[in-house]
Amino acid sequence: MKILVTGGTGFIGSHTVVELLENNYEVVIVDDFSNSKKEVLDNIKKITNKSFSFYKGNVKDEEMLSLVFEKENIDAVIHFAGFKAIGESVDNPLMYYENNIDTTISLCKVMDKYNCHKLIFSSTATVYDVNDELPLKEDFPKGTTNPYSSTKLMIERILKDLYVSNNDWSIVVLRYFNPIGAHESGLIGENPQGIPNNLMPYILKVAIGELECLTVFGNDYDTKDGTGVRDYIHVVDLAKGHIKAIDYLTNKGIDYFNLGTGVGYSVLDIVNTFESVNGIKINYKIGKRRSGDIAEYYADSSKAEKLLGFKVTKTIEDMCKDSYNYILKNK
Ligand code: UDP
C-alpha cells in the first residue's frame with residue numbers, strides 16, 4: 001500500500017514516516033521545508049534503511065500534487081502539512097486560514113480527481129471547548145480560542161461536508177494531545193527556531209544552556225500543584241496511532257479519535273521528571289498565567305483503543321529521556 005504523507009519531514013510527520021516504512025508501507029513525502037530541514041530525509045533513511053519518494057513543494061500547488069498522483073499510485077493520504085504555532089496564528093490569522101485551509105482543499109480536490117478517497121487528517125485537542133467535564137471525549141462540544149485551532153475545526157467540518165457529498169470517502173480525524181519525546185535514535189525530533197512557545201522545547205533549551213530559566217505560567221490553577229495539567233504523549237506512540245488508523249480506512253465515512261494517554265501531568269511533574277531521569281537541574285521561576293491557557297485537560301482515549309487498537313507504550317520518563325537525548329545530539 002502506498003501512502004502519501006504531506007508534511008512528512010515535520011515533527012509528527014517524520015516519526016510517522018519511520019513507522020510506515022518499518023511496517024512495510026511504501027511512502028511518498030511532499031514537503032516544502034517551511035518548518036523543517038532537508039537533513040530529516042537522510043535521518044529517516046538512516047533509521048529505517050529503507051527508501052521512499054520525495055517531492056519538494058507546497059500542498060496548495062495543485063499542479064505539483066497532480067504530478068505526484070500521476071506518477072505514484074497513491075492509495076491513501078496522511079495530511080500533516082500546515083502551520084501549527086498558536087501564538088503566531090493570533091498575530092497572523094489570515095496566513096493561517098489561507099495556508100491550512102487552502103492546502104487541505106487543494107489536496108482533497110486532487111485526491112478526488114485521482115479517485116483516492118482515503119484520508120487521515122491531523123487535528124488537535126484544542127478543538128474542544130474545555131469546560132469542566134474531563135476526560136475529553138470525541139463528541140464533547142467544540143469551541144476554539146485561537147486561529148490555529150479554528151483552522152483545524154473548520155477543516156474537520158469541510159471534511160464532513162465532503163463525505164456527505166460523496167460517500168466514497170473514508171476519513172479519519174486524529175485529535176492530538178501534547179506530543180513530546182523523540183525517536184530513541186536521537187536522529188529525528190523537535191527543535192524549533194528561536195524562543196520556543198511550548199513547554200518541552202523550552203525545557204530543552206534551558207537544559208542545554210541556550211536559555212537561562214523556564215517561566216512556569218502560573219501556579220494558582222485549581223490543579224494538584226497549581227500548575228497547568230496536560231496529556232503528554234510520546235511522539236512515537238502518536239506516530240503508531242496513524243498506522244492503526246490506516247486499517248480503519250476500510251470503513252467508509254468520517255470518524256474522530258483522540259490520541260492521548262488519558263493521564264494528565266502538571267508543569268512541575270514534567271520539570272521534576274526531566275530532572276530526575278536526566279540527572280540535570282532545570283532552572284525555573286513561577287510567573288503569571290499565560291493568557292488563553294486552560295488549567296487542565298486530558299483525553300479519554302478509549303474510543304481509539306477500542307476501534308483502532310491504539311495503545312501507548314511509552315512513559316513520561318521515556319518522553320523526558322528521549323527529548324533530552326535528541327537535543328544533546330542536535331544542539
Ligand atoms: N508552560 C509553561 N511555561 C512555558 C511553556 C508552557 O509553564 O514556557 C505551560 C503551559 O502554561 C501549559 C503547559 O506548560 O500549562 C503546556 O504548554 P504547551 O504550550 O506546551 O502546550 P499547550 O498549552 O498548547 O497545551
Side-chain angles (χ1 to χ4, degrees), residues 11-12 35 82-91 96 122-131 134-136 143-153 174-182 189-235 238 258-275 282-299 301 316 319-320 322-324 326-327:
F11 177 44
I12 306 172
N35 193 26
F83 294 154
K84 62 170 191 178
I86 288 181
E88 188 182 52
S89 80
V90 174
D91 296 337
Y96 268 67
S122 286
S123 190
T124 165
T126 61
V127 296
Y128 292 113
D129 182 8
V130 179
N131 280 313
L134 291 172
L136 296 169
T144 56
T145 56
N146 62 78
Y148 159 75
S149 308
S150 299
T151 66
K152 294 290 181 179
L153 187 56
L174 300 176
R175 297 191 183 128
Y176 309 146
F177 281 68
N178 288 54
I180 58 171
E190 187 179 30
N191 194 1
Q193 313 273 309
I195 297 182
N197 295 302
N198 297 110
L199 179 63
M200 183 55 81
Y202 205 106
I203 290 177
L204 294 176
K205 299 251 170 184
V206 174
I208 59 172
E210 267 185 36
L211 290 171
E212 215 158 276
C213 178
L214 169 75
T215 302
V216 175
F217 295 144
N219 68 347
D220 56 352
Y221 285 107
D222 183 16
T223 58
K224 59 179 177 179
D225 59 19
T227 66
V229 168
R230 297 288 183 274
D231 185 339
Y232 297 94
I233 175 169
H234 197 295
V235 66
L238 189 66
N258 287 338
L259 294 184
T261 66
V263 182
Y265 287 100
S266 72
V267 176
L268 293 182
D269 284 335
I270 300 295
V271 171
N272 294 334
T273 309
F274 191 92
E275 289 184 333
I282 297 299
N283 201 10
Y284 74 86
K285 63 173 192 276
I286 305 294
K288 282 204 283 239
R289 291 182 177 192
R290 179 171 64 180
S291 115
D293 261 359
I294 286 154
E296 176 165 29
Y297 62 88
Y298 46 90
S301 291
I316 199 76
M319 299 181 213
C320 290
D322 292 340
S323 291
Y324 189 48
Y326 171 74
I327 204 72

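These numbers come from the heavy atoms of this one structure, side chains and all, not from hydrogens, waters or symmetry mates. Indexing begins at 1, ligand by ligand and atom by atom, following the structure's order. Just so you know, residue 1 is the first one in the sequence shown, and it goes up from there.
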Could you list which atoms of ligand 1 come closer than 4.0 Å to a heavy atom of Tyr297? 25 (O)
Could you identify the single nearest non-hydrogen protein atom to atom 15 (O) of ligand 1 and state the distance to 0.1 Å? Gly228 CA, 3.5 Å
Flag, side chain of Lys152 to backbone of Ala125, donor-acceptor distance under 3.5 Å: no
Please list, in number order, the atoms of ligand 1 under 4.0 Å from a heavy atom of Asn197. 5 (C), 19 (O)
CG/Asp222: more than 12 non-hydrogen atoms of other groups inside 6.0 Å: no
Closest protein heavy atom (residue, atom, distance) for atom 19 (O) of ligand 1: Arg290 NH2, 2.8 Å
Taking C-beta and beyond as the side chain, do Asn35 and Lys84 meet within less than 4.5 Å on heavy atoms? yes
Pull out every atom of ligand 1 sitting under 4.0 Å from any heavy atom of Leu214, numbered as shown with elements. 3 (N), 4 (C), 8 (O)
By side-chain hydrogen bond (donor to acceptor under 3.5 Å, both in side chains) - contacts of Asn283 (at least two apart): none
Test: salt bridge (Lys or Arg N to Asp or Glu O under 4.0 Å). Region: residues 202-211. Which pairs qualify, not counting sequence neighbours? Lys205-Glu210
Quick check on contacts: which atoms of ligand 1 are under 4.0 angstrom from a heavy atom of Asn178? 21 (O), 22 (P), 25 (O)
Using only heavy-atom distances, determine whether the side chains of Glu88 and Tyr96 contain a donor-acceptor pair under 3.5 Å. yes
Minimum side-chain heavy-atom gap Tyr298-Tyr265 below 4.5 Å: no
Against ligand 1, does Tyr232 come closer than 4.0 Å with any heavy atom? yes
Tell me which protein heavy atom sits closest to atom 12 (C) of ligand 1, plus the residue, atom name and distance to 0.1 Å. Arg230 NH2, 3.8 Å
Protein contact to atom 3 (N) of ligand 1 [nearest heavy atom, distance to 0.1 Å]: Thr215 O, 2.8 Å
Nearest to atom 2 (C) of ligand 1, what protein heavy atom do you find, and at what distance? Phe217 CD1, 3.4 Å
At a 4.0 Å cut-off, with the gap strictly under it, does some heavy atom of Tyr221 reach an atom of ligand 1? no
As an exercise, identify every atom of ligand 1 less than 4.0 angstrom from a heavy atom of Val216. 7 (O)
Give the residue, atom name and distance (to 0.1 Å) of the protein heavy atom nearest atom 14 (O) of ligand 1. Val267 CG2, 3.5 Å
Quick one: do the Thr261 and Asp231 side chains pair a donor with an acceptor below 3.5 Å? yes
Taking Ser149 for the side chain and Thr145 for the main chain, is one N or O donor matched with an acceptor at less than 3.5 Å? no
Please state which protein non-hydrogen atom is closest to atom 18 (P) of ligand 1 and give its distance, to 0.1 Å? Asn198 ND2, 3.5 Å
Considering only heavy atoms of Asp293, which atoms of ligand 1 have at least one such atom less than 4.0 Å away? 10 (C), 11 (O), 23 (O)
Nearest-neighbour protein heavy atom for atom 20 (O) of ligand 1, which is reported as residue plus atom name and distance: Leu199 N, 2.8 Å
Quick one, Lys224 and Asp269 - any side-chain contact, counting heavy atoms below 4.5 Å? yes
